[in-house]
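These notes are about the structure you will find just below.
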Amino acid sequence: MHDKRPIIIDCDPGHDDAIALLMAFACDRLDIRLVTTVGGNQTPDKTINNALKVLSYANIEVEVAAGASKPLMRDLITAPEVHGESGLEGPALPPPTLKRSTRNAITAMADVIGKSKEKVTIISTGPLTNTATLLLTHPDTAYKIERISLMGGSCIGGNWTPAAEFNILVDPEAAGIVFDSGIPITMCGLDVTHKAQIYKDEIEKVRNIDNKVAKMVAELLDYFELFHKKFGFEGSPMHDPCAVAYIINPDLFTTEAYHVDIETQGEFTTGATVADMRHVLGKEKNVDVALDIDREAFIRLLIECMMYYG
Ligand code: RIB
Ligand code: CA
């Protein structure tokens, strides 16, 4: 029996974050020791409340700790256009029964990593402020982080500016610290998440699963679809679930190792993940960039995970 893989999930729920959380907790090979939250899709007070509500609704018991109140050096930008004023518009979720941790995310992350016998994997589905702050304040934790599987970045242009994907744009300085850390990184950027779309008929399959969590997820997807339809998507990109699915089954993905830098100065390009795809600089290839996915198998995995809550 393989030991379960120690995991910390850092997120900014957010519709796709919520689905990513539920996928992760449905996988019996993952030992999720901590959930941390950050401002991004909505303000920090809303993202932690959303995490608590989703986890409570699914009867999941885990420490949930709120992290940074703002990016390292910039004002917070949020995405109410995508996720609504609450950050989780759509389903009417009851107030959470799970209480937020009395520790802040950084203290909790350092403690969980420090006390773990094995290296810990971080799955990050929001801006990277918490992980960067952890590395700045507890540098030794870097040696005990197995891999960071993150949703963020893009080699095909941005979704919040022409150059930048939202999670990286919110805190490019934090992203630079993480990408330069030497920790193995899998970047699930728009290159792959735009291929990982869920379509209407598949949302109905989720809705028809006979448990309340799956039906709630279908309502999340209904709302999430509204924004993406406006922008001409046929389906809804399952951004954050990709970062979880990579850890559950990396064989679903095609990745290439590139040297990736984060632009923090450009007037038009700040927040861009600059991937040296032709290796012209000859620098260390610090990131495994996900470029393709077996979409059908990914959606089957998502649906299977939602059946777990029956
Ligand atoms: O660009 C998509 C990313 O930004 C996703 O993580 C979504 O939840 C938002 O945080
Ligand atoms: Ca997110």
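We count residues from 1, following the sequence as given. When a ligand or atom number is given, it counts from 1 through the structure's own listing order.
- Heavy atoms from other residues, nucleotides or ligands lying under 6.0 Å from CE of Met73 number 12 at most.
- If you put the vertex on the Ca ion (ligand 2), O of Thr125 and OD2 of Asp240 sit 90° apart, to the nearest 10°.
- Aromatic pair Tyr258/His279: ring centres not closer than 6.0 Å.
- From the protein, the heavy atom lying nearest to atom 10 (O) of ligand 1 is Asn167 OD1, 2.8 Å.
- Side-chain contact of Asp16 with His239: a donor-acceptor pair under 3.5 Å is absent, judged by distance alone.
- Linking Ile, Leu, Val, Met, Phe, Trp and Tyr residues whenever their side-chain heavy atoms come within less than 4.5 Å places Ile168 and Met277 in a single cluster.
- The ligand atoms of ligand 1 that sit less than 4.0 angstrom from a heavy atom of Asp12 are 10 (O).
- Looking at Asn41 against ligand 1, only its side chain comes within 4.0 Å, counting heavy atoms.
- For Asp210, the CG atom counts as loosely surrounded, since its 6.0 Å shell holds 12 or fewer non-hydrogen atoms of other residues, nucleotides or ligands.
- Asp12 contributes OD1 as its N, O or S atom closest to the Ca ion (ligand 2).
- Listed by number with element, the atoms of ligand 1 under 4.0 Å from a non-hydrogen atom of Phe166 are 1 (O), 4 (O), 9 (C), 10 (O).
- In the vicinity of Thr125, heavy-atom distances shorter than 4.0 Å reach the ligand 1 atoms 6 (O), 10 (O).
- In Asp17, the part holding a heavy atom less than 4.0 Å from any atom of ligand 1 is the side chain.
- At a threshold of 4.0 Å, the pair Asp111-Arg103 counts as salt-bridged, since one of the basic side-chain nitrogens sits closer than that to a carboxylate oxygen.
- The shortest contact between atom 1 (O) of ligand 1 and any protein heavy atom is with Glu165 OE2, 2.6 Å.
- Ile122 CD1 to Leu150 CG: the interatomic distance, rounded to the nearest 0.5 Å, is 10.0 Å.
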Practice item. Decide ring-ring contact (aromatic ring centres under 6.0 Å, His included) for Phe233 and His194; before the verdict, give the C-alpha distance in whole Å, the side-chain angles of both, and the deciding distance to 0.1 Å. Key: CA-CA 9 Å; Phe233 283 82; His194 281 184; 5.0 Å; yes
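- A single hydrophobic cluster is not seen to contain both Val35 and Met151; linkage of ILVMFWY side chains at heavy-atom distances under 4.5 Å, directly or through other members, places them apart.
- If you number the atoms of ligand 1 from 1 as listed, the ones under 4.0 Å from a heavy atom of Met151 come out as 2 (C), 3 (C), 5 (C), 6 (O).
- Checked by distance only, ligand 1 and His239 stay at 3.5 Å or farther apart across all their nitrogen or oxygen atoms.
- Of all protein heavy atoms, the one lying nearest to atom 8 (O) of ligand 1 is Asp16 OD1, 2.6 Å.
- Contact annotation: for Val82 versus ligand 1, there are no heavy atoms closer than 4.0 Å.
- Among all protein heavy atoms, the one lying closest to atom 6 (O) of ligand 1 is Asp240 OD1, 2.5 Å.
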